[in-house]
2 protein chains.
Amino acid sequence: MATIQDVAKRAGVSVATVSRVLNHSLSVREDTRKKVQVAIKDLNYQPNLLGRNLRRSETKMILVLLPTISNTFYVKIVKGIEEVGLRNGYNIMLCDTDSDKQREEVYLDLLKNKLIDGAIFMATELSKEELSEIGRYFPMIQCCEYKEGAEVSYISIDNFAAAYKAVQHLIELGHQRIGMISGTNHCISTFQREAGYKKALEDAGIAFDDALILKGEYGFKSGFRAAKQFLHRDKRPTAIFAMSDMMAIGAMKAIKERGLQIPDDMAVVGFDNIRFSTMVEPQLTTISQPQYDIGCIAMDLLLKQMKGELKEPQHIFVEHELIIRKSTFK
Amino acid sequence: MATIQDVAKRAGVSVATVSRVLNHSLSVREDTRKKVQVAIKDLNYQPNLLGRNLRRSETKMILVLLPTISNTFYVKIVKGIEEVGLRNGYNIMLCDTDSDKQREEVYLDLLKNKLIDGAIFMATELSKEELSEIGRYFPMIQCCEYKEGAEVSYISIDNFAAAYKAVQHLIELGHQRIGMISGTNHCISTFQREAGYKKALEDAGIAFDDALILKGEYGFKSGFRAAKQFLHRDKRPTAIFAMSDMMAIGAMKAIKERGLQIPDDMAVVGFDNIRFSTMVEPQLTTISQPQYDIGCIAMDLLLKQMKGELKEPQHIFVEHELIIRKSTFK
DNA sequence: ACCTCCAATGTAACGGATTACATGCTTGAT
DNA sequence: ATCAAGCATGTAATCCGTTACATTGGAGGT
């Protein structure tokens, strides 16, 4: 592999001049530039970015940490991040942490070791103290999930309000016994959505019943199982609000297998508006998040932070939307 | 940020000794090692890997290029790649190329610029000449999709045999008019699967009918549309073989909307055995690939190539399996 | 006491680029 | 003709580790 030295020698100039040509510096005479470009082509020269990165102390690489790549919810967020990142000259790399703290730390070392310029967390197993500590020295943003109290910027929807709106919708349709399929994780979204659920009931004068909250792992099977439990009860709920579309779709399967009609016998609401939510029968009422925008804003925040334009951690909330489909209302 | 110099000064040793401690070199006296470790802790020192990478001319990073991250088919392959990669001290980064050649080239520059040590392509828009050219200088592997004739190793299933088996299964069930929902792309798998389909018909003495092959984009909508077209015909097929589970599921929706029964009125076979294929009603007959193993083998190959143990490009085929479910057979 | 040898450690070159500063040359003013 | 200014280019320091080679000091042999 040719180095900048080789190019300089071949073009009969100094390495500084070659570097100037490479970096589009202004003060290079046209014929010199030509000579250099010819030499570059002749030698099939590719700059070794390890050298440049060392000197500049930046890599123009951004890491996006995903708890899992199997959740299609992240797809559009990543697209948004990529859009803004690439437009600003950054390469976006994704990492699958598998919600494993060790894995997360391996990838975070890349940040600490300066191999990447910044990171966006879609969810993290780190404590708020650990996050604050790293966030003090390295650019990072939390996206969708976040740790309250960590001194790291985040962007998210208002999960409390979203859950409130979904439950309110069910109440308006006349439902009084509304089952919730919540999450076993300790994410803030889970906590806030449960709070929104409770508040909506309270505001409607419906007594809260602990037995109407079951927990799942956000996947199809969890939803299926939880719904089955609800269905076995004497006084089964007439509606189910699941914390993810996947769980909602699982629940729908259980309901249909039982020979019941959706939404007549039991209404179902999901969360996330994944593509599949329109592919099932009946189509699923759900909460939609502006994922693409969320991605764009997360990357914007990160860019600002890397430029040092963020003095204080920012907390941004974006709008959500209740999308009413046939699973609650004909 | 502390540098190795700072650590050396604080520990009262030379940078070489610090480096030896960092790299677990043998010839460091125990008490010296202790001193250095104390200094490292005191200064909260993290080696700046840009320096190391420049010197060693390696980054221990591997890139996996995905045409899209929304296809859950890749999930387990990535898990396999990660398993083997992490175990060997490599960080795995995923990139979403969006099947865009330009995007692909941006990420490939990272390889050319030595920012990553090797790459695994899940699919590429590059020509076989371009692949061969890059493959001559940089470690890379093709996984699942590949370009015939490119001098780059690959691992895949035998798509011809898999399609043959699926169609044979339908024929054995008595189907004579079998529609195929193929792909508009120019991937080798598409070509080979069409060939397998034709050969199975031929071997069964069924005349090939060009009108029974429609093309789609591998997504739900394509399958839905293609199936609709089939359903409108006077002599509609009695079975559909789709090149992806997503298309098969889309087709199932169209069939059900038409009021027809699966598999009685129309049988459906998919490809990939994604998780959703068991979540639909009826569950989908499909071709299963050992995705996890494929990922492991791909990474193994890459490791060998990076070590220079591969003289010739390798072509590896792994077993597939026809999984018979209710969408073809009660 | 002297020499050899080896383990432990230090010194400095090196990897490939960027860039502050130095230098030389051209140009235009006087 | 002389000089200042300014542009184009070159020189060399620098980024931060790694590592070949040099050096030191102590143990063991005679």
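Just so you know, these numbers use all the heavy atoms, side chains as well, and skip hydrogens, waters and symmetry mates. The sequence lines fix the lettering, A, B, ..., with proteins before strands; numbering per chain opens at 1.
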Using a cut-off of 4.0 Å on non-hydrogen atoms, how would the nucleic acid contact of B:Leu54 be classed: base, sugar-phosphate, or nothing?
-> base
The helix from C:dA1-D:dT30 to C:dT30-D:dA1: angle between end helix axes, five pairs per end, rounded to 10 degrees = 60°
Sorted by chain and residue number, the ring-ring contact (aromatic ring centres under 6.0 Å, His included) partners of A:Tyr146 (sequence neighbours excluded) come out as A:Tyr154
Tell me, please, the opening and closing nucleotides of DNA chain C, 5' to 3', among those with an atom under 4.0 angstrom from a non-hydrogen atom of chain A.
-> C:dG16 to C:dA20
Across all chains, not counting sequence neighbours, the side chain to side chain donor-acceptor pair (under 3.5 Å) partners of B:Glu83 are B:Arg87
Under a 4.0 Å threshold between the charged nitrogen and the carboxylate oxygen, would [Y] count as salt-bridged to [X]?
X        : Y        : value
B:Lys128 : B:Glu151 : no
A:Glu129 : A:Lys147 : no
A:Arg33  : A:Glu30  : yes

Where do A:Lys60 and A:Asp117 land on the salt bridge (charged side-chain N to carboxylate O under 4.0 Å, His left out) test, with the steps shown first?
-> CA-CA 6 Å; A:Lys60 291 282 177 186; A:Asp117 292 350; over 6 Å; no
Taking atom P of D:dA8 as reference, at what distance in whole Å does atom NZ of A:Lys34 sit?
-> 15 Å
Interatomic distance, CE@A:Met61 vs CE@A:Met93, rounded to 0.5 Å, equals 4.5 Å
Check whether the side chains of A:Ser153 and A:Gln142 place a donor and an acceptor atom closer than 3.5 Å, and report yes or no.
-> no
Listed once per pair and sorted, the salt bridge (Lys or Arg N to Asp or Glu O under 4.0 Å) pairs that draw on residues 47-56 of chain B, sequence neighbours left out = none
Do any N or O atoms of the protein come closer than 3.5 Å to N or O atoms of nucleotides 17-20 of chain D, and which pairs are they?
from   : atom 1 : to      : atom 2 : distance (Å)
D:dG17 : OP1    : B:Tyr45 : OH     : 3.2
D:dG17 : OP1    : B:Asn48 : N      : 2.9
D:dG17 : OP2    : B:Ile4  : N      : 2.8
D:dG17 : O5'    : B:Tyr45 : OH     : 3.1
D:dT18 : OP1    : B:Asn23 : ND2    : 3.3
D:dT18 : OP1    : B:Arg52 : NE     : 2.5
D:dT18 : OP1    : B:Arg52 : NH2    : 3.0
D:dT18 : OP2    : B:Ser19 : OG     : 2.7
D:dT18 : OP2    : B:Asn23 : ND2    : 3.2
D:dT18 : O2     : B:Arg55 : NH1    : 2.6

Does the side chain to side chain donor-acceptor pair (under 3.5 Å) test come out yes or no for B:Glu104 and B:Thr124, once each step is laid out?
-> CA-CA 8 Å; B:Glu104 237 173 78; B:Thr124 173; 2.5 Å; yes
